[in-house]
There are 2 protein chains.
Amino acid sequence: MAQTPPASSPRTPEVNPPSFGSEAGQAVSGSATPAFSPLYQQIKGLLLQSLQAGEWKPGDLIPSELELAGRFRVSQGTVRKAIDELSADNLLVRRQGKGTFVATHSEQQVQYRFLRLEPDSGNRDGQGPAERQILDFRRLRAPAEIAHRLGLRSGDPVFEVRRVLSFQGTPTILEDLWLPGSPFKGLSLETLANHQGAMYALFERQFGVRMVRADERLKAVAADAESAATLGVAASFPLLSVERVAYTYNDTPMEYRRGLYRTDKHHYHNELS
Amino acid sequence: MAQTPPASSPRTPEVNPPSFGSEAGQAVSGSATPAFSPLYQQIKGLLLQSLQAGEWKPGDLIPSELELAGRFRVSQGTVRKAIDELSADNLLVRRQGKGTFVATHSEQQVQYRFLRLEPDSGNRDGQGPAERQILDFRRLRAPAEIAHRLGLRSGDPVFEVRRVLSFQGTPTILEDLWLPGSPFKGLSLETLANHQGAMYALFERQFGVRMVRADERLKAVAADAESAATLGVAASFPLLSVERVAYTYNDTPMEYRRGLYRTDKHHYHNELS
DNA sequence: GAGTGGTCTAGACCACCTT
DNA sequence: AGGTGGTCTAGACCACTCC
């Protein structure tokens, strides 16, 4: 920055100085709400904007810390702290010597980041990849509850997908999912059926929609006749019901999903801390 | 530190210098394994030792960053980074202007940090505190599976507790839990029955055992006759089975727990990211 | 060797809490 | 006023990757 060594001389960064006035040292923080936001949070916000705007896409290399520091007229340390947090939130991934990249669901290592079902014995790799089968695909007008979960209005167009995931030939997960029509315009059965790998990777590549976090609600339920038949279990077999709302940047809901998991040979794993 | 401004002169901190030799600049990182560990990680390790050793107990104020920096002969920034990570792991809690404290389960705000069951409508506060009832308490020799989960040997003494948690008068959780005998020596039915609040708070206060993280495995199961009767549901009612191993510092297992949750009016909430 | 992220330092100042 | 954590800077050097 344009600043002489021995302290003093307040910064005048590009980012809007939050609490201290634009010039003349630090204001006594007026009268109303504090509303103080540190510089690195502002930088974080700016980086988030670029991510939301699609300026940098999943997998992309973003500018170096030094370049960003220059662009925002702050020190490298401040940019680092902003990136640290975005990286902790799984929005960015640092790679020493190479740079910082936009996180993606397309990497082998995080293929099933949101799928918490694991075989009771052995690890996930041991059972091979999941076999996917689309049972149904349609475009419809959102019923009240679906609309509510997706932050839409009743009647807004949505896509509905029903599919089964099998492990080693055993149908294990039956799920319905709903996607808002606009962001996924052009989604087709063919696209879904031809795609290999995690569904969220497809969403990124084809629609630029990156799922960032999700909320799940779990319950134990008895299988209804249809579900039981699809999953190959007896009627009223206990199943794990997993209801998920997945969000993209900005906490915008982008998917509502209802799954029924067989848990006789698998379990839902969760780490508490 | 004793160090003149313009660079050079390698540090000679109290902590064992990891990869670069004790003197004469930076070694070319010999031949064998990298084994490089940054200073702040070493500091983190030292702080962890103090926590494990019980030098600072849950709720205690630990020395200030500046004092720790002096003690370890490193800069404040390095101590900060170590504390940052311990704080992110919920082992320490920073409070601006006051200091850094050892995290505890005894605070109101985190009373149910490990209990993910929530009412379907309304929040947790709306339903009032859980009513606890101890059904059984005994001291026994660990069967093979319990011993295995707790990292003990079959036949080692353990405590077994069976209890019910009710919300607004409705029995909702039935759980059995096992604790290793040695760390919990002196545990009695009276202690358990008289205690108000989260069980993990009791463990901290009475036994100095702090639960730091836990692994849970969830399944949907059908209620057996006894569980159904206790929880007031029909036989083979679907219940959420929650199996938990809780760990203290150092990843030492300190509790094995098997719970059966009614999920007709509650759900298990999980956030994915 | 150049470029990137990663570590470490030293010092200034701010925000918050206590006395 | 003095102490604590929180932010920000500037600069040095290290580890890693690629050319």
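So that the names make sense, note that chain A is the first sequence line, chain B the second, and so on, each numbered from 1.
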Q.
Under the salt bridge (charged side-chain N to carboxylate O under 4.0 Å, His left out) definition, can you give me all pairs with a residue in residues 75-86 of chain B, not counting sequence neighbours?
A. K44(B)-E85(B), E65(B)-R80(B), D84(B)-R94(B)
Q: Go through the structure and list residues passing side chain to side chain contact (heavy atoms under 4.5 Å, CB included) with E271(B), not counting sequence neighbours.
A: D215(A), H269(B)
Q.
List the residues meeting side chain to side chain contact (heavy atoms under 4.5 Å, CB included) with R113(B), not counting sequence neighbours, and say none if there are none.
A. N90(B), H105(B), V110(B), R210(B)
Q) Rounding to a whole Å, what distance do you find between R73(B):CZ and dT9(C):P? A) 12 Å
Please write out the pairs of protein N or O atoms and N or O atoms of nucleotides 2-4 of chain C separated by less than 3.5 Å, giving the distance to one decimal.
{"residue": "dG3(C)", "atom": "N2", "partner": "G97(A)", "partner atom": "O", "Å": "3.0"}
{"residue": "dT4(C)", "atom": "O2", "partner": "G97(A)", "partner atom": "N", "Å": "3.3"}

Q) Starting at NZ of K44(A) and ending at P of dG6(D), how long is that distance when rounded to a whole Å? A) 16 Å
Q. Looking at residues 76-91 of chain A, who's got a heavy atom less than 4.0 Å off DNA chain C?
A. R80(A)
**Q.** Modelled atom types, side-chain donor and acceptor of H267(A) and E216(B), under 3.5 Å
**A.** no
**Q.** Pairs meeting criterion salt bridge (charged side-chain N to carboxylate O under 4.0 Å, His left out) with involvement of residues 46-57 of chain B, two or more places apart
**A.** none
Q | Separation of atom OH in Y40(B) from atom P in dG6(C), rounded to whole Å | A | 9 Å
Q: Mind checking ring-ring contact (aromatic ring centres under 6.0 Å, His included) for F207(B) and listing every partner two or more places apart, or none if nothing turns up?
A: F184(B)
(Q) Rounded to whole Å, how long is the line connecting atom CG of L92(B) with atom P of dG6(D)? (A) 12 Å
Q) Do the side-chain N or O atoms of R94(B) get closer than 4.0 angstrom to the phosphate oxygens (OP1, OP2) of dT4(D)? A) no
Q. Which residues pass the side chain to side chain contact (heavy atoms under 4.5 Å, CB included) test with L48(B), sequence neighbours left out?
A. Q52(B), L86(B), L91(B), Y249(B)
Q: Just jot down the side chain to side chain contact (heavy atoms under 4.5 Å, CB included) partners of R205(B), sequence neighbours excluded, or say none.
A: S106(B), H195(B), A201(B)
